Amino acid sequence: MSAAPLLAMRGVAKSFGGAQALRGVDFDLQRGEVHALLGENGAGKSTLMNVLSGVIQPDEGEILIDGAALRFEDPRAAQAAGVATIFQELDLVPSLDVAANLFLGRELTRGGVLDRFAMRRQAKLRLAEIGFDMDVDQLVGDLPVGRRQIVAIAKALAYASRILVMDEPTAALTASEAERLFAVMRDLAGRGVGIVYISHRLEEVPRVADRVTVLRDGKVAGAASPSAPQSELVALLVGRPLAELYPRRSGGRARRVLRLEQARYQPRRRRAGWRAPQGVSLEVHAGEVVGLAGIMGAGRTELLSTLYGAGGPGAWSGTVEIDGKPARLTSIAAARRAGLAFVTDDRRGGGLMLRDSVGRNLVASVLRRVSPFFLMSKAREARLAGEAIAAFDVRPPRPDLAVGALSGGNQQKVVLAKEVLGEPRLLLLDEPTRGVDVGAKGEIYARIRALAAQGVGVLVASSEMPELIGLCDRIVVLRGGRSVAEFPAGAEERDILEAAEASQDEDDE
Amino acid sequence: MNDAATALKSAPARPAPRRLDFFAVAVRFQSVIGLILVAIGGVIFSPRRHGSILFLAPDNIANIVRAISETGIIAVGMTFVIITAGIDLSVGALLSLSSVLTATIMTTWGWGLVPTLLFVLICGAAFGATQGVISTKFRLEPFIVTLAGLQTARGLALVISGNQYINISYGDGPGLAPPIFSVLGDRLFNNTVPVATLVFVVVAIVATFVLNLTRFGRYVFAVGGNERAARLSGMPVTLVKISVYAITGLVSAIAGVVHAGQFNFGSANDGTGYELTAIAAVVIGGTSLFGGSGSMIGTVAGAVMLGALANVLQLNNINAALQLLATGAIIVLAAVLQSLVRRREGLGR
């Protein structure tokens, strides 16, 4: 055992323009250790890791690996020193297949010609090594986000000799996939690899981390033991004790907003990896928040988007009732007329016009109300946008700012606020807090409950079990496109997971 | 605890240094600034006669704005298409087809002025809308569809005209066009303002109004900014896409009518390359080819700037090849500026 740690970052500082992103951060990593790095959005985690992986150069400070000071001029230099990074925004090529992505820039050749056979075989092997089995001939662009994440991890692991940086690797994974990933991480650590693990999911920390460091405002706010209670971690993260993450429920049922009875959707065209609802029974009452649980591929997103009429051409069968009346939800226009609103899990891809201003985004789905006789009314627009910004506490409260410049949490508030402006009867939410920091999460939960209290029915899909348990009045479990179980508020996470992950084989055609 | 709370509040705000704002403003009005620079250059390098600056002579100015009126009208429509992240290559050919139709209908079919104009404009809009329908229904790239449209329109024009100039003679009788039509080649207000330019101005004003002050304009920006988000927000995305191609079809037909009126003939071989000039004006005007942002005033300034530049070079007897080089350089410069802005906004390459 040498005395020097595997990695030591000393006094790292970096500013962008006038903004000081890092103010002298010390961070170190031992061999065989999983070191969790926590922090709210904008705390400096990503900047610190970008420094470590050579993407940006620090203004001050040094990086020592095995006690030797190194300077990474570019990502290649960092890789050569044994640092591999899995970024949040996956560096995969959607138009190439899985095998080609795994060997991107390191293609195997035989006599100058690509050796596709060998690459396919080795790709399969690598995925199997980390416990995943998938068709390596599939295009990455056809894979759901969770699967892409796995490909990215396999790719980085291939050249992670010593230090592996994982930036929210579980954000798109289901609980059981995350568990498998943790097993892989423990295994790698056992072989002496040091792992920096960034996550927003505090409940994962004790399961995988050996040590926790919290960043706040570009400085180290403190260290904690992974077994410390979550409230202690949250207090370190936000710099003050947070009263209650999940709001109180209002209780009391009213009329039935949505009723599905053996509802199935027959798409006109089959799509790979797209699981149409095929026998879903559930109800959502006004004032109620109902959760949709299920592993990846269980059909949660598909159920929400087909209810919203965005499932592509096809037809419903079984019972689909809105407010007690049969509804034909086959187009977005029809769903909106029926009083439905939908917030996608992909806010950058399907939620926001990123270069457009906050105000213009907010009124996008209620343009009719701000344009009498087809003419835009700036006054009405400003009033509606102002109301929405105030109601959701969007920060900074400026409708003229480009929405892409806001933090993830505030972008998510804008997406929510935009749909709420349409005064829906039934709000469909897909992963409403993905990539959102703890403070904003609490605010979003509070808004969702407040909407329910006003009589809106809410159907929420989430892969974060604590979120469903904390937020929802009831939880419906999907598996293979069917509803298989229902749990009341306060159910045990273990029971829900069991229902969600029971053998899938019977469901596959 | 107070400290921490304020720190938390200030954390998400992204600082915007003054310098960056200035830069953004400069880029937003790049075409206007470019136009001013070209005008200054024009004054400096203009040949002089009897001490007066030829570039600024009323006749010369009228020439510039007349020369750009047809491509300018087209560029105005093209702005809508490009903001939706589309492209329309058929406009030059459609101008030519419209000029042939106008001449043929008035001289051979003997229709009156109003029915002729209505028919030609409706044909143009329908041609554009058809391209929009094909591109949306079959999910084809507008580049391909409008490339085919270019060939089709050119082919139709050749068939209808028999590859002959269809000359327009004016008068009252069979085979003669209504004399009032020739006003398109005239100048009004003491022989200063070309009528073709007035048409351009009117088209530009209407388009600015539609783009910035109507619900439809907002749809156009949203479809280009994020098509999926627009669809999920309940916007009629397909209809909007078809409409913008109907608009380019319509403005091409207007430009074709103006062409016929200015030159007193319809020809199947005119308007070649107009699509590229129009696209250049739009891009120089600061509209992003990626869609989602753009400005009509920018397009107008871009069109005038290209015309003024060509004029300056012509006045100095600089040959056509060098004019092309200069135009190319300016397009690259405009595109580079836009790319710099995107990078500063942190929205990728």
Side-chain angles (χ1 to χ4, degrees), chain A residues 16-19 40-43 216-217 221 238-241 305 308 310 332-333 335-337 341-344 346-356 360-361 363-368 370-371 373-376 378 395-396 401-402 404-410 415 418-419 422 439-440, chain B residues 1-21 24 83 85 209-240 288 290-294 338 341-342 344-348:
Chain A
F16 297 104
E40 302 243 270
N41 285 332
R216 191 172 71 236
D217 291 333
V238 301
R240 66 191 150 94
S305 57
Y308 189 60
I332 292 173
R336 294 189 72 87
R337 270 197 303 278
F342 173 57
V343 175
T344 163
D346 181 9
R347 66 170 168 265
R348 297 176 77 86
L352 295 170
M353 277 75 82
L354 288 172
R355 298 184 66 186
D356 243 340
R360 284 169 73 115
N361 271 282
V363 298
S365 57
V366 290
L367 279 181
R368 255 165 234 283
V370 293
S371 55
F373 308 109
F374 290 95
L375 298 184
M376 297 300 300
K378 298 270 174 213
R395 277 175 274 168
L401 223 58
L406 299 185
S407 70
N410 282 293
V415 180
K418 161 178 169 239
E419 290 310 320
Chain B
M1 202 173 117
N2 255 339
D3 275 4
T6 44
L8 184 77
K9 276 212 172 111
S10 63
R14 225 184 53 156
R18 221 53 241 159
R19 193 166 51 85
L20 193 149
D21 283 350
I83 290 177
F209 174 82
V210 170
L211 185 64
N212 294 320
L213 298 174
T214 68
R215 193 190 301 161
F216 174 77
R218 201 56 77 81
Y219 287 162
V220 170
F221 278 108
V223 167
N226 187 340
E227 185 176 334
R228 239 188 99 215
R231 211 177 275 283
L232 288 177
S233 297
M235 296 183 186
V237 172
T238 306
L239 190 63
V240 170
S288 163
F290 293 99
S293 67
Q338 281 173 40
V341 176
R342 267 200 307 283
R344 271 170 185 252
E345 286 173 355
L347 294 171

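In what follows, chains carry the letters A, B, and so on, assigned in the order in which the sequence lines appear, proteins first and then strands, with residues in each chain numbered from 1. Side-chain atoms are counted along with the backbone in the values below, which use heavy atoms only and exclude waters and symmetry mates. The model shown is predicted, which means the values in this text are computed figures rather than measured ones.
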Which of [options] touches chain B most, by non-hydrogen pairs under 4.5 Å:
{"options": "A/A221, A/G350, A/A310, A/S365", "answer": "A/G350"}
{"options": "A/S371, A/S305, A/G422", "answer": "A/S371"}
{"options": "A/D356, A/T344, A/L352", "answer": "A/L352"}
{"options": "A/G349, A/A333, A/A335, A/G351", "answer": "A/G349"}
{"options": "A/V415, A/V343, A/L375", "answer": "A/L375"}

- Item | Side-chain donor/acceptor of B/N226 to backbone N/O of A/L354, under 3.5 Å |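 Not at all, since once roles are kept as given, no pair shorter than 3.5 Å links the two residues.
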- Query: Got a sec: does the CZ of A/R368 have more than 12 other heavy atoms crowding it under 6.0 Å?
  - Reply: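 Counting neighbours around CZ of A/R368, 12 or fewer heavy atoms of other residues, nucleotides or ligands fall under 6.0 Å, so no.
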- All side-chain hydrogen bond (donor to acceptor under 3.5 Å, both in side chains) counterparts of B/S293, not counting sequence neighbours: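 Listed in chain order: nothing, the list is empty.
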- Message: Applying side-chain hydrogen bond (donor to acceptor under 3.5 Å, both in side chains), can you list everything that pairs with B/S233, at least two apart in sequence or on another chain?
- Response: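 Checked B/S233 against side-chain hydrogen bond (donor to acceptor under 3.5 Å, both in side chains); matches are A/K418.
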- Item | Pair B/F216-A/L367, side chain to side chain contact (heavy atoms under 4.5 Å, CB included): steps then yes or no | CA-CA 10 Å; B/F216 174 77; A/L367 279 181; over 6 Å; no
Contact summary for [X] and [Y], nearest pair of heavy atoms:
{"X": "B/N212", "Y": "A/K378", "result": "O-NZ, 4.2 Å"}
{"X": "A/M353", "Y": "B/A222", "result": "CE-CB, 3.7 Å"}
{"X": "A/R336", "Y": "B/G234", "result": "CD-CA, 3.5 Å"}

- Looking at side-chain heavy atoms only, is the closest gap between A/V370 and B/R218 below 4.5 Å?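 SC-SC contact between A/V370 and B/R218 ruled out.
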- Message: For A/F374, which atoms come within 4.5 Å of any heavy atom of chain B: side chain, backbone, both, or neither?
- Response: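 Both parts, heavy atoms under 4.5 Å.
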